[in-house]
Structures are given as structure tokens and as C-alpha cells.
Amino acid sequence: MTQTDQTHRRLEEVAGAADTRSRAATGLLLVAALVMLGIHFMQMATFTLPSGQFRNFHLGFAIIIGFLALIEQSGAEQKLRRAMFWGLTALTVVLMAYIHVEYEALTQVRSFLPNAQDMAVAVLLLAAALILSGFQWGWTIPALALIGIAYGLWGYLMPGEIFFHGGIALKRLLGYTSIPYFQGLLGGLTSLSAGTIFMFMLFGGALKATGAVDFIVQLGFTVGRKSRAGPALVAVISSGLMGTVSGSTVANVASTGALTIPLMKRYGFKGEFAGAVEAVASTGGQLMPPVMGLAAFLIVGMTGLPYNSIMIAAIAPALIFYAYLMFSVQLRAISLDLDARESDVLEGGPTLAEAAKRQWHLAVSVFVLVWLLVGGMPAGTAALISVLLLLGLDFLMTVFLGRFSLGAFREALGRVVNGLVEGARAGAAVATVIAVIGVLIELLTVTGFAQKLSFAMLDLSDGSLFTLSIIVAVSCLVFGLGLPTSASYFIVALFGAPALVETGVPLLAAHMFVFYFANLSAVTPPVAVAALVGANIAKAKFWGTAFNAVRLALPGFLMPFLFLFEPEILGIGSGFGAQIMAVAQALIATGALNCALEGRIFQRISVVERIVLAVAAIGLLYWNVQIELVSLAVVILLAAWSWWRSRAARAAA
């Protein structure tokens, strides 16, 4: 379906053409999204509203939009479901209005003495947020939030020093969930969501609505036609770039994987390998600047570091991750004697030149976003300017290509509205789950559990940074089983990152360590949700796909340890020259490890050579200069030996 078709479809639904959806919900959703956008634009420009009121509107409209979207998706026969969501929508409007009207009294008069109405509003707002996040994101996160509330209430019954605390009175406990303390649902995370994350979700929605998906796929096809790896390279490029736009690993695998995985299988790759390539490429999209994944914004909230510092630090590791993945698919294509340059598997696809004529403004808006971020502009403001630039250029392009006709103006306006609404819907969905995570984080902090667990990890590691890093990495992978990346990151960052910092690790390096492992939980067995979706599309075995994914994502498991022991790779505590040396070292090490796993350098290598090469590759990543130099010499010698033998074999043939 083309973008024009999507725009017409939305307008038809608003007009009453859709039979299976609630026309009222569709219309109200459009209105709510535009009102929410208006409030955010006004606040970003003038800062008229107090922080608490802005957070209240942000969360309130996010919940309203979420329930209206659920009504819209429900069939006409699901009357009870629709009625429940309509009731929750109306309730949220009342709750939001109450907090807005009573804001001054809540913050100045009843901040420590809330009345019965305040407590009722706090309970109902929590219930609405938990129910919505459960329907949108699954019930794991709401369940964890409820466990956190129960722990806050009855922690005095828990055994052991780590779990025991004095207990929190019910009224005070409910105050920590939202009002009158404006914590939890209305706390710092929601402030981050309102001021920064929402704008980036809006930017992503605007990109998708103005044709970024088609352009990215066309870019992948163009590069894939010139490589032996062919469709696998299409998957790596398109899924990686899409991951920076979509913000969801699983959604990305499901959308782009429906195209790339069958192409890879038809070309000659096995189903397990094809599903793994797509899963890893989509996972890596959350590591790739400038947008990165949701958890990257949460680093800002946890550390107070500016987003541009996080983005710049993430560039080198992301490039290494994708260089390894591209090299992996290239080596596999050579091993299978495949060559897309001599195949028709990618023939008939779109050309990049055709897309560039229509979508050049997408690249311009991304470039402006990066330029503003690197220049030090606040991330939310930079994203807002980029959104307005993108939609403005798209409007002008559409009108110009339509020769300034009335139909062209209508289409251009429809594309702008569609981009804004899609972005608002994406931002609203993220806002709700972040608010619920905020409740869990608030309670784990106020009970002291996070601090005590952090000290327990330090005691368990006995002061050894390497031992502590293993404990934190395993914790990330365990907590990531079935949890969204954002929740996995936040839970472990709450106690794991402070423990790492306590041993002398730089703050950004500690959080990047947790961030990487939280993302990679999506491809780590036994759950590996991204690999599971990839395996289903490829009609392949899950375990084979998951283990292939772990192998293809290997740099993501190794590089975080470099963040701790050689933070130069992040540009921390060193100049640009030292960072370049660290990146080159990591590229050589991961390339050598790739060759060892595939059993090929310039030609097939023996088992003994593979083992020696793998050991040398790991040695190159070790934080000891002598070991690194010896390992580099071994890699060079093995590569030279393989090149000489391949040359001799060609001469003999």
C-alpha cells in the first residue's frame, strides 16, 4: 500500500467508511493526537506549563490515545471490550482534569496530607496505566510494578538483609505512584518521555509516514546487487536502518523480515541463518545513532548526561557491530559459493535513483538532526526542529510534484497529518510503559532494595571488576528474558551500573555496558524474542536460529567488556587518535574471530588454525599490551599464510 493510499484510508475512516472499526474512536484519536501535539509544541516553545502539569497532560493524553487505539483495533462484535476501553478513556479524562485543576493545592497545600479524593485518583490512574501497558506491551511489566508495590507495602515481612525494609504506609506508598508527590507515573521518567522521547518517536513516525521505509529498502537493494551476499546484505542494511526509525526490535523483524528472510532462503541461505541475520540486524538498529533505541534515552534519565554525548559514544561500537555482521554474511556467501552479482534474485527491485528524487529530504532531516545534536542542542528541541523540517519539505515536495493542484495540496496535508498522528501514537505507547516502569523504579529506590543489591553484587565480586562485569552481564540477560529492552536496562542499571561505577568505571561506560546487554537479550536463548520471530518467518528451528543469532551478534557480547577496561573505544578519557586505534583493534579482532568461526580466511583453514586464530582474536581484545601485540602478530601471520596458499592454489589451477 502506498503512502497516498494510507492517507486516503485514514481520511475515509474519519469520514465513516470503515465498517469494522469504531468511527468515533478513529476521529477522537485524531483529535487527541493533534491536541497532544499542540500541547507539546507549545511547551517546547514557551515552557508555559509547570513541569508537573505538563507531565500530567503528557501521560493523560498518552493513555487516552492508547485506549482509543485499542477501541479502533477491536472488531464490532467485541462490544464488552469496547465498552471497557470507552469507560477507561472517559475515566482518564476525568483523572487528568482533576490533577490539572487541583495542581496548586496538591503541590502547595496537600503535598504531605492528601485527602481521600487524591488517593482515589492515584489508585485509578495507576490502574488505567497498568491495564493499558498490559494490553500494549504484555503483562510482565505491569506484574513487576504490582510486585514492587506489594514489596513496598509488606517488605517488613521479607527475610534477609537484602529484602527486608521497614515497610511503607499505604497512603505514602500510593503517593509515590503519582500524586501528591508527582513521582512514579508522573516522575522523572515521564518528564524525560515528555521532553525528549516523545519528540524522537514523533520523528520516527514522521519518517515512516513520509516514505522512509521504502527508501531504506531501496538502499538495501542497491547495495545488495553489488555484493556476493546479496539479500543478506539487503537485510543487514535495511533492518539496521529501520531499527533506528521503528524503535522496536521485534516489530522490525516482523516487518522487514517478511521481505528479506524469504529472499535470503530463495538465494541459498539456510532458514536458521536467514532468520538470525534479520534478528541481529534489527537488534543492532537499537544501537545505531542518531535515534537508537528507547533505552538510549533512558540512559539520559539515569545519568543526567546529554543525549549527544551518548550518541557520539555509541557510533564506533555500532559501526563495529555492523561491520562484523556484513563480513559474516559475506563469508557465508563465499563458503556457499553464492554471488548475487550473477543472480537474478534481486532483479526487478526498485532503484535508489528513483527513490532519491522523491525522498532526498529524508536524508536532509536526519543530517540536520545529527548536526543539531552534535552541536549541543537539547535532544528534544533538535528532534522537534527536524520533524518540522521533514514535514515541511515533504509538503513542498508533494505539492511541487503534483503541479500545485488542489489534489496535491490535499495529499500533502494528508501526509503531514498522517505523519504527526503516527508519531503521536508511537510516542503515546512508549509514554505509558515508561510511566509504569517509573513506578517500579521509584519503589525499588525508596525501599532501598536497589542500593542494597548493588552493595551485595560488590561483595559477591570481592572487588574484582571482571567478576562484577560477568555478574552484571548475566543479570541483564536474565532480566531481559521476555522483557522489553527498556525494562531490562532500567532494572539492571538501577543496581548494576552503580556497582560498576563504584569500582572506578566511568559513568557512561557503565551504562553503555548495561545498555548493550539489555538489547542483546532479544537474541539470547532461551527466550530470544527477535530470533523467535525470525525463525517463525523463516519456518526454521528456533534453537538453530537463536544460536546463529548469538554467533552473528558476537561483537555485541564482547565489546561491552572493552567499555569497562578500555573505554577509549567510547572516546572516554582519550583523544580521537586513541579511539581510532581502539576501533581498529576491535575490527581486526572481531574480523579474525569471524574467520575462525566460519573456517575461512582467503581459503578454507584447518581446525588447528581456527582454534589458534580464535585464541589470538580474543587476545586482541584483552586489556594487556603485550598479549595484544602477540595476538596481532599471530593474526597477521595466519592471514598471510592463508593468502599465500590461496594464491598458490590459483596459480596451480
Side-chain angles (χ1 to χ4, degrees), residues 13-14 18 20-37 39 53-103 116-146 148-149 174 177-179 182 184-187 189-190 193-194 198 201 421 424-440 484:
E13 287 174 350
V14 175
T20 60
R21 297 184 177 187
S22 169
R23 288 171 284 183
T26 302
L28 286 175
L29 194 154
L30 179 63
V31 172
L34 293 176
V35 172
M36 184 179 188
L37 288 167
I39 292 173
Q53 286 189 330
F54 181 44
R55 280 176 269 165
N56 172 48
F57 280 128
H58 175 72
L59 179 62
F61 276 104
I63 296 175
I64 290 168
I65 289 172
F67 281 126
L68 288 173
L70 290 174
I71 296 168
E72 186 188 43
Q73 295 162 11
S74 303
E77 71 283 356
Q78 297 175 298
K79 295 181 179 179
L80 183 60
R81 177 186 171 99
R82 282 189 174 186
M84 178 181 70
F85 291 149
W86 274 120
L88 288 168
T89 302
L91 174 64
T92 305
V93 173
V94 173
L95 299 176
M96 181 174 63
Y98 177 89
I99 295 173
H100 178 68
V101 171
E102 295 291 318
Y103 179 76
Q117 289 86 353
D118 298 337
M119 291 295 93
V121 168
V123 171
L124 292 173
L125 183 62
L126 177 64
L130 291 175
I131 291 170
L132 178 58
S133 63
F135 277 103
Q136 288 182 325
W137 295 83
W139 296 97
T140 304
I141 294 178
L144 288 173
L146 289 173
I149 293 171
L174 292 175
T177 65
S178 58
I179 59 171
F182 283 86
L185 292 173
L186 298 174
L189 286 187
T190 298
S193 174
F198 182 79
M201 293 296 104
V421 172
R425 290 177 68 156
V430 168
T432 306
V433 73
I434 284 180
V436 173
I437 293 172
V439 173
L440 175 62

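Residues: numbered from 1 along the sequence shown.
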Open item on the list: Against E72, only a single residue in R82, R425, R23 fulfils side-chain hydrogen bond (donor to acceptor under 3.5 Å, both in side chains); can you say which?
Closed with: R425

Task: Spatial distance of atom CD1 (I63) from atom CG (L68) [nearest 0.5 Å] - done: 12.0 Å

Open item on the list: Parallel, tilted or perpendicular: which one describes the rings of F198 and H58, with boundaries at 30° and 60°?
Closed with: perpendicular

- [ ] Could you grab the distance from atom CD1 of I131 to atom CD of Q136, nearest 0.5 Å is fine?
- [x] 12.0 Å

Task: Contact summary for A33 and I65, nearest pair of heavy atoms - done: CA-CD1, 3.8 Å

Task: Reported CG-to-CE distance for the pair L124 and M119, which is rounded to 0.5 angstrom - done: 11.5 Å

- [ ] Mind listing the closest non-hydrogen atom pair of A435 and L59 along with its distance?
- [x] CB-CD1, 3.7 Å

Open item on the list: With heavy-atom distances below 4.5 Å as the criterion, would you say the side chains of F182 and I99 are in contact?
Closed with: yes

Task: For the student: nearest non-hydrogen atoms of T432 and A129, plus distance - done: CG2-O, 3.8 Å

Task: Beyond-backbone contact of V421 with L29, side-chain heavy atoms, under 4.5 angstrom - done: yes

Side-chain donor/acceptor pairs under 3.5 Å, residues 83-92, sequence neighbours excluded:
| from | atom 1 | to | atom 2 | distance (Å) |
| --- | --- | --- | --- | --- |
| T89 | OG1 | F85 | O | 2.7 |
| T92 | OG1 | L88 | O | 2.7 |

TODO: For residues T177 and I149, report the shortest heavy-atom separation together with the two atoms involved.
DONE: CG2-CD1, 4.5 Å

TODO: Working to the nearest 0.5 Å, report the span between OG1 of T26 and CD of Q73.
DONE: 10.0 Å

- [ ] Report yes or no: does R55 contribute a side-chain atom to a donor-acceptor pair with the main-chain N or O of T190 at less than 3.5 Å?
- [x] no

- [ ] Start with the C-alpha distance between L125 and Y98, add both sets of side-chain angles, then the distance that settles side chain to side chain contact (heavy atoms under 4.5 Å, CB included), and finish with yes or no.
- [x] CA-CA 11 Å; L125 183 62; Y98 177 89; over 6 Å; no

TODO: State, with a plain yes or no, whether a side-chain heavy atom of I437 is found less than 4.5 Å away from one of W137.
DONE: no

Open item on the list: Would you say the ring centers of F54 and Y103 fall short of 6.0 Å from each other?
Closed with: no

- [ ] Quick one: which residue pairs count as a salt bridge (Lys or Arg N to Asp or Glu O under 4.0 Å) with a foot in residues 91-103, not counting sequence neighbours?
- [x] E102-R110

Task: Residue among V439, L186, V121 satisfying side-chain contact (heavy atoms from CB on, under 4.5 Å) with S178 - done: L186

Open item on the list: Looking at N56 and M96, would you say the former's side chain and the latter's main chain have a donor-acceptor pair under 3.5 Å?
Closed with: yes

Open item on the list: Any donor-acceptor pair under 3.5 Å linking the side-chain atoms of R81 with those of S74?
Closed with: yes

Open item on the list: Apply side chain to side chain contact (heavy atoms under 4.5 Å, CB included) to residues L130 and W139 and explain how you reach the verdict.
Closed with: CA-CA 8 Å; L130 291 175; W139 296 97; 5.9 Å; no

- [ ] Determine yes or no for a side-chain-to-main-chain donor-acceptor pair under 3.5 angstrom, with S133 supplying the side chain and V433 the backbone.
- [x] no

